[in-house]
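Read the structure below first, then the notes.
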Amino acid sequence: MVRVRFAPSPTGPLHIGGVRTALYNYLFARQQGGKMILRIEDTDQTRFVPGAEQYIIEAFQWLGIEFDEGVHIGGPYGPYRQSDRKALYRQYADQLLAGGWAYYAFDTPEALDAKRKEYEAEKKTFQYDCTTRLGMCNSLALPADEVQRRLDSGDPYVLRFRFPENTDITVHDLIRGDVTMNSRLLDDKVLFKSDGMPTYHLANIVDDHLMEITHVIRGEEWLPSAPLHIMLYEAFGWQAPQFAHLPLLLKPDGNGKLSKRDGDRLGFPVFPLEWHDPKSGETSNGYREQGYLPQAVVNMLALLGWNPGNDQELMTMDELIRLFSIEHISKNGAKFNLDKARWFQHEYFQQLSDDTVADMLDTQVKSHGIEAPHEYVVKVASMMKERITFPGELWDTCSYFFQAPTEYNEKDVAKRWQPGMEGHMAKVIEILETVPFEYDALHQALLEDYIKANQLNTGAIMNSLRLAVVGRTVGPDMLTLVLMLGKDEVIRRIQRAIETIGN
RNA sequence: GCCGCGUUCGUCUAGUUGGCCCAGGACGUAAGAUUUUCAUUCUUAAAAUCGCGGGUUCGAAUCCCGCACGCGGUACCA
């Protein structure tokens, strides 16, 4: 049984790269008929941000990524929050200690800092490893009675992993193949902090084992510490899960990891939901609040680093689940592309039913204090849907269906309202008043009998009419619009335009 | 610095066992068609000497080696 987990730390809003990691885990789990678990990694108490955990849960609900077990729903392997599992870790740390895989280290943060500065001065980098540990303040270097004395007197200490000297450790990565690193170059990572909490490295291994995780699908930034994790499994005598390290999501311009700053700078969200930072008070934009459809975000994200092996790009969640494969995950980082994101959004917006779009439009119409018959709103929605990408554009592109223009676009006026135009408009009013108010009759009277017969410029007349009725020279078929608005309303608008724009 | 990962059109990528690839699709861009306008839609085009340099081979984007560049890691953060 495949069991995967998404394990964010609740230090703020969920980054879109994290969302993609969760999505790949989810697709894999569902395809394999396995379980998807949400575990909160909050071993760093200093970085706790209130609301972050709730944010993460809400984001996944919005995106349609469902969990089988997790902090919010419980499950047979709980608790699913590491701070709630605190009591559990110590015994495993002791097990490592007893087996000689870990040791006490009493070096203070200040001492470590000084050491690093000292090395830096010589243009070297200090690393707490097999070559330096005997010169430090730990149970490997100190006499046994001294260690005991410090322990007894309650000196603060951490537990460090004791890397074996000069052994090659190979990580079998499902995406990259075998990656080998030598333990000599790896540092003795802290496993257990002086505050009584494990670090990520220890907690992660203990929890994955206890929760029977079979596949660890996580970001590439974890690859360098994968050998440590492999060694920990070995030290415990546990079977390690399979690993897959995902390529990073890069900023649209230049190189480097996609960050919140890039989003602010380039004007796109890097978070699924809007986020109000409780500390700084600043608000970060979210895909949901921007009007993105969750299925568009999911589809876009799925294709950033993975492909189905053919040319298909539009896929529902079910199709993604069916088609997903770790083999088709690419190795290189992917730059986020805003244009492509907008394209996905447009595609999915078009798939919305007329009624759904009408409901969105209706809300906006009502918010402008206007009541319109439902059928009319649906008709407008179905006509205008295809030229819209975000729900927020609805009112702006459709407002003239519900209210007369209050102003006329200056450039359009300059270009289209030629001298003598008010005379033509008066004629249009005359036609509207005398000719049967139906499409064919109006078309004949206006386009054929008046414009063509008098060798007038069709574009000029029709665009001025549009300007009068809409306020701009954009919109759907002019006669359809006239018919929808009604004779009286159209005449009123033309008259007002003649008065306002004049000649 | 050291360690690791990566490198195909501007961007996402196809290319998994070397020949069907003088490299295919999509987004974007440009042009055209359609429309009374805008948008949609449709058609077409430009766009990668497959990071560079060597090999191996009848034949390499695909295999090997070197180099360059980019990124990640190098915390009592995850």
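Chain letters run A, B, ... following the sequence lines, proteins first and then strands; every chain starts at 1. All values derive from a computational prediction rather than experimental measurement.
Separating the CD1 atom of A:Ile451 from the C1' atom of B:U37 is a distance of 13 Å, rounded to the nearest angstrom. Computed from coordinates, the A:Leu249 CG to B:G72 P distance equals 13 Å when rounded to whole Å. Going from atom CD of A:Glu221 over to atom P of B:G4 covers 19 Å, rounded to whole Å. When the C1' atom of B:G6 is taken as reference, atom CH2 of A:Trp222 falls 20 Å away, rounded to whole Å. When the C1' atom of B:C69 is taken as reference, atom CG of A:Asn332 falls 14 Å away, rounded to whole Å. Following rounding to the nearest Å, A:Lys335 (NZ) and B:C12 (C1') show an atom-to-atom distance of 11 Å. One can place NZ of A:Lys340 at 13 Å from P of B:G25, the figure rounded to the nearest angstrom. Residue A:Leu223 contributes atom CG, which lies 7 Å from atom P of B:C5 at whole-angstrom precision.
Regarding contacts with the backbone of B:U74, every side-chain N or O of A:Lys189 stays at 4.0 angstrom or more from both OP1 and OP2. Within the 4.0 Å cut-off from OP1 or OP2 of B:C76, at least one side-chain nitrogen or oxygen of A:Arg116 is found. Phosphate contact (OP1/OP2 of B:G15, side-chain N/O of A:His328, threshold under 4.0 Å): present.
Searching all strands for a Watson-Crick or G-U wobble partner of B:A39 with both distances below 3.5 Å returns nothing.
The A:Asn463 side chain lies nearest to B:U36 when the options are B:U36, B:G4, B:C76.
Of all the heavy atoms in A:Ser183 and A:Asn166, the pair that sits closest is OG-N, 3.1 Å.
Taking the six-membered ring where the residue is Trp, the centroids of A:Tyr348 and A:Trp343 are separated by 6.0 Å or more.
Taking only distance into account, the side chain of A:Thr473 never meets the base of B:C38 through a donor-acceptor pair shorter than 3.5 Å.
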